[in-house]
Protein chains: 2
Amino acid sequence: MDAREITGAPSGANAAPSTPVCDAALFRAFALLGKRWSGVILGTLAHGPAGYADLARAVDGICDSVLAERLGELARAGLVVRTVAPGPPVAVTYQLSDAGAALVPVLHGLGAWATEHLVANELA
Amino acid sequence: MDAREITGAPSGANAAPSTPVCDAALFRAFALLGKRWSGVILGTLAHGPAGYADLARAVDGICDSVLAERLGELARAGLVVRTVAPGPPVAVTYQLSDAGAALVPVLHGLGAWATEHLVANELA
DNA sequence: TGATGTCGCTCTGTTTTACCTAGTCTTTGC
DNA sequence: GCAAAGACTAGGTAAAACAGAGCGACATCA
């Protein structure tokens, strides 16, 4: 979702009474989390700091270029902090920022919900 | 994320100690919610039942074919119930199922988090 | 009656995003 | 020297998302 879509976030004028703040905020949240792999990466980092290769191994199925792209986006969004240890060998570590860490309880809630309500037959 | 990726969900063997269930579940959750628009559609339906056109208007920026596709997926996943009133004129209504409704508190948490932590400059 | 609009999609071509994979440079270990 | 690891990058391909016209059924209006 690009800037145009963010700007055009729903303002609550939908079919039923709503809490406009919640919807606009949800729109913004999914601008990030609705991109493939971002939520899973954040969930993985919830367990602690990790390097690029750690993440590549942990997030099964993600390709290199998308992992690099997502980490960059999450860092720019302020959810992830990228720390470079000069080395040698140079080592880059990613960890959740305060904003990222604040999302963890929500991610846990999401995991609990999935455990309870999503079964193998949610595959269409 | 297709069946191969679901099957290959992380099993907790990542960089730091983890709660494997949470991660696998999170993976499954984002198999659905990591697709563009699904979370926002669910958030919109949290306000109450809506027709296709209602949703198309409410979810600013979504195109017709993706809305139809997403509603189908969410219905097949059991999060949304599609009800046909025979008419005339025929009318189709979508509403959250019990499983979908159970996600609403999480979505609210997500909205609250975004309100608190996501600002306009999260745009890369 | 004909024109226009709404609904709930479907269809097709186009654009964007995600993927695949080889590659680079630096460092380490055998 | 060679292989492996880390942290990506780059270019081509596949898949997802998008744009917009269209359909049948129905309702409304001049």
Once you round it to whole Å, what is the distance between [atom2] of [N] and [atom1] of [X]?
{"X": "B:I62", "N": "D:dG20", "atom1": "CD1", "atom2": "C1'", "value": "15 Å"}
{"X": "A:L71", "N": "D:dT9", "atom1": "CG", "atom2": "C1'", "value": "14 Å"}
{"X": "B:R36", "N": "D:dA17", "atom1": "CZ", "atom2": "P", "value": "7 Å"}
{"X": "B:Y94", "N": "C:dC9", "atom1": "OH", "atom2": "C1'", "value": "8 Å"}
{"X": "B:R82", "N": "C:dC7", "atom1": "CZ", "atom2": "C1'", "value": "12 Å"}
{"X": "B:E69", "N": "D:dA19", "atom1": "CD", "atom2": "P", "value": "16 Å"}
{"X": "B:D64", "N": "C:dT10", "atom1": "CG", "atom2": "C1'", "value": "10 Å"}
{"X": "B:I41", "N": "C:dC9", "atom1": "CD1", "atom2": "C1'", "value": "14 Å"}

Side chain of [X] (C-beta onward), nearest among [options]:
{"X": "A:W37", "options": "C:dC9, D:dG6, C:dA18", "result": "C:dA18"}
{"X": "A:R57", "options": "D:dA16, D:dC8, D:dG6", "result": "D:dG6"}
{"X": "B:Y52", "options": "D:dA17, C:dT10, C:dA22", "result": "C:dT10"}
{"X": "B:P89", "options": "D:dC26, C:dG8, C:dT27", "result": "D:dC26"}
{"X": "A:A68", "options": "D:dA17, D:dA7, D:dT9", "result": "D:dT9"}
{"X": "A:P88", "options": "C:dT27, C:dG8, C:dA18", "result": "C:dT27"}
{"X": "B:C63", "options": "C:dT28, D:dA19, C:dC9", "result": "D:dA19"}

Can you give me the closest heavy-atom contact between [X] and [Y], atom names plus distance?
{"X": "A:W37", "Y": "A:D60", "result": "CH2-O, 3.6 Å"}
{"X": "A:L79", "Y": "B:L118", "result": "CD2-CD2, 4.2 Å"}
{"X": "B:T115", "Y": "A:R28", "result": "CA-NH2, 4.0 Å"}
{"X": "A:G78", "Y": "A:A99", "result": "O-CB, 3.9 Å"}

Seminar exercise, completed: When A:V66 and A:V90 are each assigned the nearest nucleotide of DNA chain C, the 5'-most assignment goes to A:V66
For this session: Identify whether the distance between the nearest side-chain nitrogen and carboxylate oxygen of B:E73 and B:R76 falls below 4.0 Å.
Result: no
For this session: May I ask you to verify whether the side chain of A:S65 and the base of C:dC20 hold a donor-acceptor pair under 3.5 Å?
Result: yes
For this session: Would you mind classifying the nucleic acid contact of B:A56 as base, sugar-phosphate or nothing, using non-hydrogen atoms under 4.0 angstrom?
Result: nothing
For this session: Identify whether any heavy atom of A:V92 sits under 4.0 Å from a base atom; if not, whether one sits that close to sugar-phosphate; answer base, sugar-phosphate or nothing.
Result: sugar-phosphate
